[in-house]
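No experiment lies behind these values; they were computed from the predicted model shown.
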Amino acid sequence: MDNSKEALTCDCNFSGIKPAVMDLPYPPIRVRERNPGYADLIGISYCGMISEMSAVMQYINNESRMAGSRCAEGKILLGMAIAEMTHMQMLAGLINLLGGNVGYTSRQAGAQPWMWTPQCLTLPERFDKMLQADLERELAVIDQYNMHIRMIGDDYVNSVLNRIVQDEQYHVMLLRSMMDAV
């Protein structure tokens, strides 16, 4: 081994990363009454194909694959992943209160339970394609939340979902900003 060569290093340090969220309070996690049907809807956003779980894993994977080469962007993606984990915790609280079961299986009306899998992820190689895939996911999850808000008749639940949508809209802005800089 040639010790005269300089070692390859990754100088990116991710300690102290804060969640990428709007500077607004979250409403309390509460529901009007138990409703397993509502719990199933929220479970789709928790761990369905287009979900907080998918977003967390996709952001962490994308950051890991570009570690060292795009530190500033990696920090933004990790901040977004932390925000999505926060959303997962809030959704889990709602699911429990509504009488559902938190797990990695989502239930759609009339369909068999479906377990989350890494096949839910879109993992392109190029950075610009990563950002595009992330943006498409954020836009899809916003549409999904808005559809569920229209279907759920519980103002407490909907206030939490509406607040999560604000963070997702912030993520869209961050991703578009990074895409403009590429």
Check your understanding: Are Leu24 and Met85 connected in the hydrophobic side-chain network, where two residues link if heavy atoms are under 4.5 Å apart?
Key -> yes
Check your understanding: Would you find a donor on one side and an acceptor on the other, under 3.5 Å apart, between the side chain of Tyr38 and the backbone of Gly153?
Key -> yes
**Study point:** Approximate separation, where rounding is to 0.5 Å, of Tyr156 OH and Ile29 CD1
**Key:** 13.0 Å
Practice item. Return yes when atom CD of Gln166 has more than 12 non-hydrogen atoms of other residues, nucleotides or ligands closer than 6.0 Å, and no otherwise. Key: yes
Exercise for review: Please collect all salt bridge (Lys or Arg N to Asp or Glu O under 4.0 Å) contacts where either partner lies in residues 152-166, sequence neighbours excluded, each pair once.
Suggested key: Arg32-Asp155, Arg163-Asp167
Check your understanding: Just checking, is any N or O donor in the side chain of Trp116 or Ser106 under 3.5 Å from an acceptor N or O on the other one?
Key -> no
Revision key, fill the gap. Interatomic distance, OG@Ser177 vs CD@Glu73, rounded to 0.5 Å, equals 9.5 Å
Check your understanding: Heavy atoms, side chains only, cut-off 4.5 Å: are Ile95 and Asn101 in contact?
Key -> no
Study note, to complete from the structure: The reported gap from CD1 in Ile164 to CD1 in Ile142 (rounded to nearest 0.5 angstrom) is 12.0 Å
Check your understanding: Taking only residues at least two apart or on different chains, which pairs with a member in residues 111-139 satisfy salt bridge (Lys or Arg N to Asp or Glu O under 4.0 Å)?
Key -> Arg65-Glu125, Arg126-Asp128
Exercise for review: Give, for atom CD of Gln144 and atom CG of Leu139, the distance between the pair rounded to the nearest 0.5 Å.
Suggested key: 13.0 Å
Check your understanding: Which value, rounded to the nearest 0.5 Å, describes the distance between Leu175 atom CG and Ile76 atom CD1?
Key -> 9.0 Å
Study note, to complete from the structure: Looking only at heavy atoms, the pair that brings Glu63 and Leu78 closest together is CG-CG, 3.7 Å
Review point. Counting N and O atoms only, with roles assigned by atom type, does the side chain of Asn61 sit under 3.5 Å from a partner on the main chain of Met57, one being a donor and the other an acceptor?
Key: no
Review point. Looking at Leu161 and Tyr145, what are the two nearest heavy atoms and their distance?
Key: CD2-CE2, 3.8 Å
Review point. With a 4.5 Å heavy-atom cut-off, do Met53 and Tyr104 have their side chains touching?
Key: yes
Review point. Tell me, do Val182 and Phe127 make a side-chain contact under 4.5 Å, heavy atoms counted?
Key: yes
Check your understanding: What is the minimum heavy-atom distance between Tyr59 and Glu84, and which atoms define it?
Key -> CE1-OE2, 3.7 Å
Study note, to complete from the structure: Residues Thr105 and Pro113: closest non-hydrogen pair is CG2-CB, 3.4 Å
Practice item. Report the C-alpha separation of Leu91 and Ser45 in whole Å, then their side-chain angles, then the decisive distance to 0.1 Å, and conclude whether the side-chain contact (heavy atoms from CB on, under 4.5 Å) test is met. Key: CA-CA 8 Å; Leu91 295 177; Ser45 292; 4.1 Å; yes
**Study point:** Donor-acceptor under 3.5 Å (Ser64 side chain, Ile60 main chain)
**Key:** yes
Practice item. Sorted by first residue and then second, give each salt bridge (Lys or Arg N to Asp or Glu O under 4.0 Å) pair with at least one member in residues 34-56; sequence neighbours left out. Key: none
Exercise for review: Would you please test Ile17 and Ile82 for side-chain contact (heavy atoms from CB on, under 4.5 Å) and show each step?
Suggested key: CA-CA 9 Å; Ile17 300 263; Ile82 294 167; 3.7 Å; yes
Check your understanding: Side chains of Tyr46 and His87: does their closest heavy-atom pair fall under 4.5 Å?
Key -> no
Review point. Stepwise, does the side-chain contact (heavy atoms from CB on, under 4.5 Å) test hold for Asn62 with Gln58?
Key: CA-CA 6 Å; Asn62 286 348; Gln58 188 158 309; 3.9 Å; yes
Check your understanding: How many angstroms lie between CG in Leu97 and CD in Glu33, if you round to the nearest 0.5 Å?
Key -> 12.5 Å
Practice item. Might you work through the side-chain contact (heavy atoms from CB on, under 4.5 Å) test for Ser54 and Leu121, ending with a clear yes or no? Key: CA-CA 6 Å; Ser54 293; Leu121 306 179; 4.2 Å; yes
**Study point:** Close side-chain approach of Met178 to Leu77, heavy-atom, < 4.5 Å
**Key:** yes
Revision key, fill the gap. Here the pair of heavy atoms bringing Ala20 nearest to Ala83 is O-CB, 3.4 Å
Practice item. Compare every heavy atom of Val165 with every heavy atom of Asn146, then report the nearest pair and how far apart it is. Key: OD1-CG2, 4.2 Å
